[in-house]
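To start, the structure itself, in structure tokens.
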Amino acid sequence: LDVAFRRPGRFDRTQFVPPPDRVARDFILGRLLSGRPIDNGLDRARIVEKSTGFSGADLSALVDTAIDIAIEESPSEAKLRPLSDAHFNEAFSEVKSSVGEWLGHARKFAQYDNESGMYDELAEFLKKYTR
């Protein structure tokens, strides 16, 4: 946010929200898949593990892409194919995490623009989870 917005009485506090961990990704994925036709063999745990570093929006894009692939493979609108591991494998080739790029930009703020301590939580996160 522009510095003018971060004056007291406006957006004067910063809250760091890290990317979802495994438990949060599983919850988000469960909500995104709720009510969808799913193949009995779908390995949701593998999807959760493979999506490390994905944001909630990235997970939504992943599910939407898998659904689009399943629709394209369906013989008709009345007979939609259930989502399978194959659909997610293809979706993973198309959808990548947006978090890595954001963390790269955020790292600069945490290293070079943190005199006020505004980015302390981000700096701690980066120390703990990045190389």
Side-chain angles (χ1 to χ4, degrees):
L1 289 175
D2 185 272
V3 177
F5 283 114
R6 295 185 301 196
R7 293 191 328 233
R10 291 186 176 191
F11 298 102
D12 55 346
R13 287 181 282 156
T14 301
Q15 181 70 42
F16 175 63
V17 179
D21 61 10
R22 185 189 57 75
V23 173
R25 288 192 316 278
D26 186 43
F27 177 81
I28 293 166
L29 192 60
R31 298 285 256 183
L32 292 169
L33 293 174
S34 178
R36 308 282 186 183
I38 297 174
D39 184 78
N40 289 336
L42 182 71
D43 189 353
R44 189 165 127 185
R46 185 191 64 80
I47 297 167
V48 168
E49 291 306 316
K50 196 170 178 181
S51 63
T52 298
F54 277 49
S55 68
D58 296 334
L59 288 170
S60 181
L62 181 73
V63 170
D64 288 346
T65 301
I67 290 168
D68 289 345
I69 294 165
I71 289 170
E72 289 173 9
E73 291 179 357
S74 296
S76 70
E77 287 183 31
K79 183 76 171 138
L80 294 177
R81 294 210 180 215
L83 290 170
S84 69
D85 285 335
H87 298 130
F88 278 95
N89 288 339
E90 191 172 338
F92 271 115
S93 71
E94 295 181 29
V95 179
K96 303 298 180 206
S97 170
S98 63
V99 173
E101 183 179 343
W102 180 86
L103 284 174
H105 293 296
R107 178 178 284 114
K108 294 173 190 170
F109 285 99
Q111 288 176 336
Y112 304 113
D113 192 26
N114 196 25
E115 294 85 26
S116 67
M118 180 181 292
Y119 302 108
D120 285 347
E121 286 179 283
L122 173 61
E124 285 301 313
F125 176 83
L126 290 168
K127 273 191 233 175
K128 188 173 179 181
Y129 291 104
T130 62
R131 301 177 214 323

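Residue numbers run from 1 in the order of the sequence given. Only heavy atoms go into these numbers, but all of them, side chains included; no hydrogens, no water, no symmetry mates.
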Any chance the side chains of D58 and S55 put a donor and an acceptor closer than 3.5 Å? yes

Between R25 and S51, do the side chains contain a donor N or O and an acceptor N or O under 3.5 Å apart? yes

L33 vs R44, test: side-chain contact (heavy atoms from CB on, under 4.5 Å). Steps then yes/no. CA-CA 10 Å; L33 293 174; R44 189 165 127 185; 4.3 Å; yes

Within a strict 4.5 Å, meaning less than it, do heavy atoms of the R81 and P75 side chains meet? yes

Close side-chain approach of V95 to D64, heavy-atom, < 4.5 Å: no

What distance separates [X] [atom1] from [Y] [atom2], expressed to the nearest 0.5 Å?
| X | Y | atom1 | atom2 | answer |
| --- | --- | --- | --- | --- |
| D26 | I47 | CG | CD1 | 10.0 Å |
| T52 | D21 | OG1 | CG | 10.0 Å |
| S97 | L59 | OG | CG | 9.0 Å |
| I69 | E72 | CD1 | CD | 7.0 Å |
| H87 | I71 | NE2 | CD1 | 10.0 Å |

With side-chain contact (heavy atoms from CB on, under 4.5 Å) as the criterion, how do R46 and N89 come out once you've worked through the C-alpha distance, each side chain's angles and the decisive distance to 0.1 Å? CA-CA 10 Å; R46 185 191 64 80; N89 288 339; 2.9 Å; yes

Any chance you could lay out the side-chain contact (heavy atoms from CB on, under 4.5 Å) test for F88 and D43, step after step, and finish with the verdict? CA-CA 10 Å; F88 278 95; D43 189 353; over 6 Å; no

Can you give me the closest heavy-atom contact between [X] and [Y], atom names plus distance?
| X | Y | result |
| --- | --- | --- |
| A66 | A91 | N-CB, 3.8 Å |
| S74 | A70 | OG-O, 2.8 Å |
| V99 | P19 | CG1-CG, 3.5 Å |

List for me each residue that meets salt bridge (charged side-chain N to carboxylate O under 4.0 Å, His left out) alongside R31, sequence neighbours excluded, and say none if there are none. none

Apply side chain to side chain contact (heavy atoms under 4.5 Å, CB included) to S76 and list each qualifying residue two or more places apart in sequence or on a separate chain. A78, K79

Please confirm whether the backbone N or O of G30 pairs with a side-chain atom of S34, one donor and one acceptor, at under 3.5 Å? no

Pair L83, I67 - check side-chain contact (heavy atoms from CB on, under 4.5 Å), show working. CA-CA 7 Å; L83 290 170; I67 290 168; 3.9 Å; yes

According to the ring-ring contact (aromatic ring centres under 6.0 Å, His included) rule, which pairs have a member within residues 35-60, sequence neighbours left out? F54-F92

